[in-house]
Number of protein chains: 2
Amino acid sequence: MQENNKRKNKEGQGGNSLVKRIERQLGQLSRSEKRVAQWIIENVASAVDASISEVAEATQVSQPTVIRFCRSMGMTGFRDLRTHLIAAMQRPDNYLHNDVAINDDTDDAVVKVVESSIRALVDLRTLLSGMPFQAAIDKMVNARQLIFVGLGASGYVARDACHKFFRLGIPCGTALDSQTILQQSAIARSDEVYVVISHMGEWAEMVDGMRCARDRGATIIALTDPVSSLAKVATWVFDCHPPEDTNVFTPMSSRLAQLTLLDGLQIGLALELGEQAEENLKLTKQALFSKWSQDP
Amino acid sequence: MQENNKRKNKEGQGGNSLVKRIERQLGQLSRSEKRVAQWIIENVASAVDASISEVAEATQVSQPTVIRFCRSMGMTGFRDLRTHLIAAMQRPDNYLHNDVAINDDTDDAVVKVVESSIRALVDLRTLLSGMPFQAAIDKMVNARQLIFVGLGASGYVARDACHKFFRLGIPCGTALDSQTILQQSAIARSDEVYVVISHMGEWAEMVDGMRCARDRGATIIALTDPVSSLAKVATWVFDCHPPEDTNVFTPMSSRLAQLTLLDGLQIGLALELGEQAEENLKLTKQALFSKWSQDP
DNA sequence: CATTTTATGTAGTTTAATTACATTATAGAG
DNA sequence: CTCTATAATGTAATTAAACTACATAAAATG
């Protein structure tokens, strides 16, 4: 279904990632929203400089419906949609180019890998404005403990985050397998914050666990695909949608975005906590540093 | 083969980047407009999200002056400027490094964190050509097993790498604490490859262990500071020098570079190994994917 | 020193984006 | 079928953004 229009980008009008994302979600949209989606896909170029009223007129729907469409796509509003459209238009054919091919030589492949990592972070940059950092931090400031949750590869991200946040002097834990997640969430408290990392956000045990924790009053902060089941359960969602091109040789650059996002959260939290956190950071840094800096 | 003018299409347009264009025209601007220009250059990343009133406030000029600046730059208005800024931010070279300051608000801090991560990877890209990828891969191809070594925060990078390489079907292990490192290296063999991650490369036990392994004929691939003791012991060194500014609020963006570098190594190795590795990658991917894609 | 030119700000206008609420359609239960 | 509940959509009002016209101040020129 979506396979056959893969090569469509040749048209040049813009076979960009956002369009693919819209296409992927077409099914979950209501009738009017679908019309908006359709029109945007077919007129990306005009869509980038259209105002909300122009889009409404062109698609014969009301202006609020256009906004509703934006929200359904995980954006904060029309302005945000426009931002992403512009960003997406900037790289019409880059994706094909960035894919590692079986006959690439080592150096070419390495360059492509690095570029796709950079791409992942630049993409993150444009998503930033729609992310609920302040809200998440407000919850974390008063949390009794933070639990970092992730399965498989995301487990490494969760571990890394845990190791980062504990240095602020906050009790931190991890839940990295189904059993632990279920047990942990069964005893969740309303003063706890769960930070959940998941690409698709569809692992049943994880979603169940988080739903349970949420029901018990805990705050769920999810780094996941905003249209996933996990996102529906979460208190706050950070849009980490999985990459659309899943060539075997494509590395999981999206985890770099997750790590960076968590860096941002941690720094933001440190600033919010103020001197105490700063002091803790200094002390943990010194603890390592003094070890080998005494004899040079 | 495909398109040898990889970068050309973008970089080639030379100076079409909005930021450079602003810089170029700085001289012809009036005093107030110059302030706007300056601020935008120094805060490209925050500027993309700003409204006209925010820019006016930040630069202490009136709103019409901001618009006049836009017109002086050849844009039709503020909206147009924003469009171009967003586009410019899709080019990673436009990001500069800014330290997080204690009085930054959350959003500014987060933007700075992301920017500095991007910088770390852009820097990595420039270092790439001097790195011994092919040599490292040649060793790995024939290795009996790969051991990933890292202490503390670098341990997470080592784990991540291990999880990545094992999917190629190669026996992989980790050594993440001094004791394990010493034991492991005591039984090192000449057909083993050690991949060591260390920012400073000065932990005595680690250096000792690697020296021992090296003496026993093993290959040591080090991601570390090239002037460190570890680097002297290693067979091949990938230059991962620690960041020079060690503000408490500066996150460890350098680990992103390490992760990316290891991504590159893994993909390079996969290509070298050929079909077998590709098949293994496919199978591990499917194992996860089929789990939840059967019932939508 | 008067006069013109240029630079900037103030206050008002227009347009865009968003919200709150009302209405209509649709689906499910009896 | 009909009634109710829910979702989908639109209308009208609100808020905020972008822009314009005009006034004032500063600099430059004769």
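Basis for what follows: all heavy atoms, side chains included, without hydrogens, waters or symmetry-related copies. Note on naming: letters A, B, ... go to the chains in the order of the sequence lines (proteins, then strands), and numbering restarts at 1 for each one.
By the 30° and 60° cut-offs, the orientation of the rings of F148(A) relative to F165(A) is tilted.
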Pair up each side-chain donor or acceptor in residues 254-261 of chain A with any protein partner under 3.5 Å, not counting sequence neighbours, and list the distances.
{"from": "R255(A)", "atom 1": "NE", "to": "D160(B)", "atom 2": "OD1", "distance (Å)": "3.4"}
{"from": "R255(A)", "atom 1": "NE", "to": "D160(B)", "atom 2": "OD2", "distance (Å)": "2.9"}
{"from": "R255(A)", "atom 1": "NH1", "to": "M252(A)", "atom 2": "O", "distance (Å)": "3.0"}
{"from": "R255(A)", "atom 1": "NH1", "to": "D263(B)", "atom 2": "OD2", "distance (Å)": "3.2"}
{"from": "R255(A)", "atom 1": "NH2", "to": "D160(B)", "atom 2": "OD1", "distance (Å)": "2.9"}
{"from": "R255(A)", "atom 1": "NH2", "to": "D263(B)", "atom 2": "OD1", "distance (Å)": "3.1"}
{"from": "T260(A)", "atom 1": "OG1", "to": "L256(A)", "atom 2": "O", "distance (Å)": "2.8"}

Enumerate, atom names and distances included, each donor-acceptor pair closer than 3.5 Å involving a side-chain atom of residues 136-144 of chain A, sequence neighbours excluded.
{"from": "D138(A)", "atom 1": "OD1", "to": "Q134(A)", "atom 2": "NE2", "distance (Å)": "3.0"}
{"from": "R144(A)", "atom 1": "NH2", "to": "E192(A)", "atom 2": "OE2", "distance (Å)": "3.0"}

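Screening residues 56-73 of chain B for salt bridge (charged side-chain N to carboxylate O under 4.0 Å, His left out) gives no qualifying pairs among residues at least two apart or on separate chains.
Residue S62(B) places at least one side-chain N or O under 4.0 Å from the OP1 or OP2 atom of dG9(C).
Not counting sequence neighbours, the partners of V122(A) by the side-chain contact (heavy atoms from CB on, under 4.5 Å) test are I118(A), R119(A), Q90(B), P92(B), Y95(B), I118(B). Applying the side-chain contact (heavy atoms from CB on, under 4.5 Å) test to Q276(A) and every residue at least two apart in sequence or in another chain returns N280(A). A search for salt bridge (charged side-chain N to carboxylate O under 4.0 Å, His left out) contacts involving D108(B) returns nothing, not counting sequence neighbours. In terms of the side-chain contact (heavy atoms from CB on, under 4.5 Å) criterion, residue partners of E54(B) (sequence neighbours excluded) are, by chain and number, A50(B), S51(B). In this view, R211(A) and D208(A) satisfy the salt bridge (charged side-chain N to carboxylate O under 4.0 Å, His left out) rule, not counting sequence neighbours. Judged as a salt bridge (charged side-chain N to carboxylate O under 4.0 Å, His left out), and not counting sequence neighbours, the contacts of D49(B) are R125(A).
In this structure, CD of Q60(B) is placed 11 Å from P of dT10(C), rounded to the nearest angstrom. If you take CZ of R31(B) and P of dT8(C), they are 6 Å apart, rounded to a whole angstrom.
Helical stems in DNA chain C, defined as runs of 3 or more consecutive Watson-Crick or G-U wobble pairs with donor-acceptor distances under 3.5 Å: C:1-30 with D:1-30.
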Protein proximity profile, nucleotides 13-23 of chain C - base contact B, sugar-phosphate-only contact S, no contact -, cut-off 4.0 Å on heavy atoms: ---SSBB----
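If you walk DNA chain D from 5' to 3' and mark each nucleotide with an atom closer than 4.0 Å to a heavy atom of chain A, the marks span dA8(D) to dA18(D).
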